[in-house]
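To start, the structure itself, in structure tokens.
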Amino acid sequence: MPDDLEMLLLPFTVPSEGRENLNEKMELATIFCLAELGRDKGGGFISKKPSEEISFITKVCYPFWLVPWRRKVLLFDGLGIASHTISFDVLPDLGVFIREIKGSADNLEAYSAFLSHNLDYFKVIGKGQKVIKGLIVDSRFSEDLFSLVSEAEPINSSIENEVLLSPLMDRSAIEASIKELSNFKRALREDIRGLQRIIKMLVEKTRKHIDAINKEIEKTHKKYKNEAASLKSKCMEKIEKESREYSQKIAEVSKRANRLIQDLSQEKLSLEMDKKHLTSYIERYRNEMEAARSRGDKAEEERWRKELEKYKQGLLKVDKKIEEVNRSIEDAKSTRDQEISKLKSEYASKIENIMVGLKKIEAARDFEIQTYQQTAKSLEESTLAIINQINELVELRKLTLDELEKITYPIGRRKHTIVYLPFFLVCYKRGLEKRYVVFPPSVVKAPSGILKIKGAFKSFRVRMLLQEYSAPITKLLNRFVGLIEQNLIFGDMVREECAKMNILKNLRKKIIEGLEELSREKWLSEKEFTLLCRQGNIK
């Protein structure tokens, strides 16, 4: 064995609380009982099947590699049944994109077209898979396996009556898988560096063009500022002259209209005084008429009625005149406002005509600046869209790297180690048919624990003695049976070795002694002991 290689043998059973572990004899006897109880005894009413025979019961040791890697340990299936598939996103060609950046970076139009053309360049173009043969990353499996390592014993010499399976994945195959894993990890990091380099290039090139655009905007401001300043001075002189002229015209219109309105208002005031006097006379004559009526003086009453009627007619004329004056005042105001509005409109039109040249200059300036700003905005938005896609790819690559970190286990080992996991393989035979059953590493139950189980077996309590230690480990061992059946060469080799180490031939005496110990511990009744010995042809 090389100096840098260590070999360990894990226990087949571990005791439960309050229970000692099984000795070798009881372990062999228990497996014999379970194998015999699981043997098909044949029979049937219509077509009787012959009973199965046990071809062999053999303790087999399954190899696992513990390989130091980056101060931690990788766990490999020595037979290569298990493997780990890493899914990842396939990137577009980064080199092509970088060459196109460099080719278009110096020209604004070319660079802008390049960004627009490549807005979807970094959308994921597909999925890839990297299969690492033999690598085991199942956390439950590894936790269960590593929990047995503390109980492992070093293998310094050959082991009797057990089959140590030689790893189908030898050290060179393991090194190849690790190299492939390291190369994949390196490729992921290179992808991240390449993507980050592209981000840096995009930011630099876009910033360079935006800075150039901002300088052009400053130049445009200066160019139009000088041109507009000269014209603006002339325009302001004309505007000032027009403003004086129209202010004077508006003042004249207002003055003339206000004088008319004032005269009409005075006339209205005089009419309202007349109305007040007429109203007073009417009230007085009405009272006189009522007094004459109360005295019965009809002549006097008739005189006052005629006077009252005369003054009422006068009041109607005054009211009518007041209405006419009010209309005249409103007409004067309306005419004044219309004339002022017309003058203001004429003034605004003249100002607009005066300013048309200046506005053309400002419009041309604003158009040029807006065009530059839109170009800069388009560059920023396109660059940001591409960078966001790249950042998503970077995060996906980092997630894949994080996943690779989780495939290692924090167990300090400096040497390559082959850990052998023991299990029992039973081969049943009926004619040419073969059937395999695996008895995986188990927990040894205490008798007190069995009695607490509701509905515990009343017969063959030995069935309850062993309890599966790890479901993931059992699952892998059952896949081992599939490998035997599918790989003819490997299957023949396993059957040949198992036949040599068959405990029914080599350890019959220990099985019998173990059965006796099981009987003493009440795992078997005397009747069950006799039946198993007879059916299994032990005695």
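It should be emphasised that the depicted structure is a prediction, and the values quoted were computed from it without experimental measurement.
Rounded to the nearest 0.5 angstrom, Cys533 SG and Phe32 CZ are separated by 6.5 Å. Rounded to the nearest 0.5 Å, atoms CZ (Arg520) and CE (Met26) are 9.0 Å apart. Separating the CG atom in Leu135 from the CD1 atom in Ile407 is a distance of 5.0 Å, to the nearest 0.5 Å. Here the NZ-CD1 distance, from Lys59 to Ile31, works out to 9.0 Å after rounding to the nearest 0.5 Å. Distance NZ/Lys377 to OG/Ser382: 11.5 Å, rounded to 0.5 Å. Note that the CG atom of Leu518 and the CD atom of Glu528 stand 10.5 Å from one another [nearest 0.5 Å].
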(request) Quick one: do Glu175 and His416 satisfy side chain to side chain donor-acceptor pair (under 3.5 Å)? Show the steps, please. (result) CA-CA 11 Å; Glu175 296 294 343; His416 283 58; 2.9 Å; yes
(request) Report the C-alpha distance between Arg140 and Glu143 in whole Å, list the side-chain angles of each, state the deciding distance to 0.1 Å, and finish with yes or no for salt bridge (Lys or Arg N to Asp or Glu O under 4.0 Å). (result) CA-CA 5 Å; Arg140 285 185 57 202; Glu143 287 172 7; over 6 Å; no
(request) Begin from the C-alpha positions of Val73 and Thr408 and carry the test side chain to side chain contact (heavy atoms under 4.5 Å, CB included) through to its verdict. (result) CA-CA 5 Å; Val73 164; Thr408 57; over 6 Å; no
(message) As a quick check of understanding, evaluate side chain to side chain contact (heavy atoms under 4.5 Å, CB included) for Trp65 and Thr417, giving each step before the final call.
(response) CA-CA 6 Å; Trp65 283 93; Thr417 304; over 6 Å; no
(message) If you apply the rule side chain to side chain donor-acceptor pair (under 3.5 Å), what do you find for Thr474 with Glu468, and how did you get there?
(response) CA-CA 8 Å; Thr474 302; Glu468 176 185 76; 2.9 Å; yes
(request) Would you sort out whether Gln373 and Ile217 count as a side chain to side chain contact (heavy atoms under 4.5 Å, CB included), showing the intermediate values? (result) CA-CA 8 Å; Gln373 288 173 338; Ile217 291 174; 3.9 Å; yes
(message) Lys510 vs Glu24, test: salt bridge (Lys or Arg N to Asp or Glu O under 4.0 Å). Steps then yes/no.
(response) CA-CA 8 Å; Lys510 288 185 177 181; Glu24 182 188 7; 3.1 Å; yes
(request) Report the C-alpha distance between Thr13 and Asn21 in whole Å, list the side-chain angles of each, state the deciding distance to 0.1 Å, and finish with yes or no for side chain to side chain donor-acceptor pair (under 3.5 Å). (result) CA-CA 7 Å; Thr13 56; Asn21 207 353; 2.7 Å; yes
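Taking each heavy atom of Leu421 and Pro441 in turn, the nearest pair found is CD1-CG, 3.7 Å. In terms of heavy-atom proximity, Leu10 sits nearest to Leu148 at CD2-O, 3.6 Å. Residues Arg461 and Lys522 share a closest heavy-atom pair of NH1-O, 2.9 Å. Nearest approach of Ile192 to Lys398, heavy atoms of both residues: CD1-CG, 3.8 Å. The two residues Asp144 and Tyr469 make their nearest non-hydrogen contact at O-CE2, 3.5 Å. Across all non-hydrogen atoms, the minimal contact from Arg479 to Ile81 is NH2-O, 3.0 Å.
Ring centroid separation for the pair Tyr420 and Phe64 does not come in under the 6.0 Å cut-off. Ring centers of Phe12 and Phe439: at least 6.0 Å apart, outside the cut-off. The aromatic ring centroids of Phe480 and Tyr436 lie 6.0 Å or more from each other.
Side chain of Thr383 to main chain of Leu379: a donor-acceptor pair is present (N/O by atom type, distance under 3.5 Å, no hydrogens or angles). At least one donor-acceptor pair under 3.5 Å links the side chain of Asn502 to the backbone N or O of Ser55. Between the side chain of Trp523 and the backbone N or O of Arg463, no donor-acceptor pair lies under 3.5 Å. The backbone N or O of Ile132 sits nowhere less than 3.5 Å from a side-chain atom of Ser177 that would complete a donor-acceptor pair. A donor-acceptor pair under 3.5 Å is formed between the side chain of His209 and the backbone N or O of Ala105. Using a distance-only test at 3.5 Å, with no hydrogens or angles considered, a donor-acceptor pair links the side chain of Ser142 to the main chain of Ser139. Using modelled atom types, no side-chain atom of Arg534 and backbone atom of Thr530 make a donor-acceptor pair closer than 3.5 Å. Formation of a donor-acceptor pair under 3.5 Å by the Ser104 side chain with backbone atoms of Tyr111 is not found in this model.
Side chains of Leu115 and Leu119 form no contact here, defined as non-hydrogen atoms less than 4.5 Å apart. Side-chain contact check for Val67 versus Ile178: some heavy-atom pair is nearer than 4.5 Å. Side-chain contact between Glu162 and Cys61: present, with at least one pair of heavy atoms (C-beta onward) separated by less than 4.5 Å. Considering only heavy atoms from C-beta on, Leu8 stays 4.5 Å or farther from Glu153 through its side chain. Contact of the Val438 side chain with the Val60 side chain is not registered, since no non-hydrogen atoms from C-beta on lie closer than 4.5 Å. For the pair Arg435 and Cys427, the minimum side-chain heavy-atom distance is 4.5 Å or more. At a threshold of 4.5 Å between non-hydrogen side-chain atoms, the residues Ile136 and Leu74 do not count as touching. Residues Glu405 and Leu401 have side chains not in contact (no heavy-atom distance under 4.5 Å, counting atoms from C-beta outward).
Gln129 and Thr85 are not linked by any side-chain donor-acceptor pair at a separation below 3.5 angstrom, with hydrogens and angles left out of the test. Residues Asn23 and Glu517 bring a donor and an acceptor atom of their side chains to less than 3.5 Å of each other.
Between Tyr62 and the choices Val419, Leu79, Val163, the side-chain contact (heavy atoms from CB on, under 4.5 Å) rule is met once, by Leu79. Partner of Leu188 under the side-chain contact (heavy atoms from CB on, under 4.5 Å) criterion, chosen from Asn183, Thr400, Leu396, Ile86: Thr400. Each of Lys133, Arg186, Lys185, Lys130 was checked for a salt bridge (charged side-chain N to carboxylate O under 4.0 Å, His left out) with Glu180, and the lone residue meeting it is Lys130.
In this structure, Tyr121 and Phe97 have tilted ring planes: the angle between them lies in the 30° to 60° band.
Salt-bridge check for Glu513 with Lys25: passed, with a basic side-chain N closer than 4.0 Å to an acidic carboxylate O. By the 4.0 Å N-to-carboxylate-O rule, Lys205 lies too far from Asp106 to be salt-bridged with it. Of the charged side-chain nitrogens involved, at least one lies within less than 4.0 Å of a carboxylate oxygen, so that Glu216 and Lys219 count as a salt-bridged pair. A salt bridge is defined here as a Lys NZ or Arg NE, NH1 or NH2 lying under 4.0 Å from an Asp or Glu carboxylate O, and Asp211 with Arg207 meets this definition. Glu53 has no carboxylate O lying under 4.0 Å from a charged side-chain N of Arg39, or vice versa, which leaves the two without a salt bridge.
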Side chains of residues 482-493: which donor-acceptor partners sit under 3.5 Å, not counting sequence neighbours?
from: Asn487; atom 1: OD1; to: Ile489; atom 2: N; distance (Å): 3.4
from: Asn487; atom 1: OD1; to: Phe490; atom 2: N; distance (Å): 3.1
from: Asp492; atom 1: OD1; to: Arg495; atom 2: NH2; distance (Å): 2.7

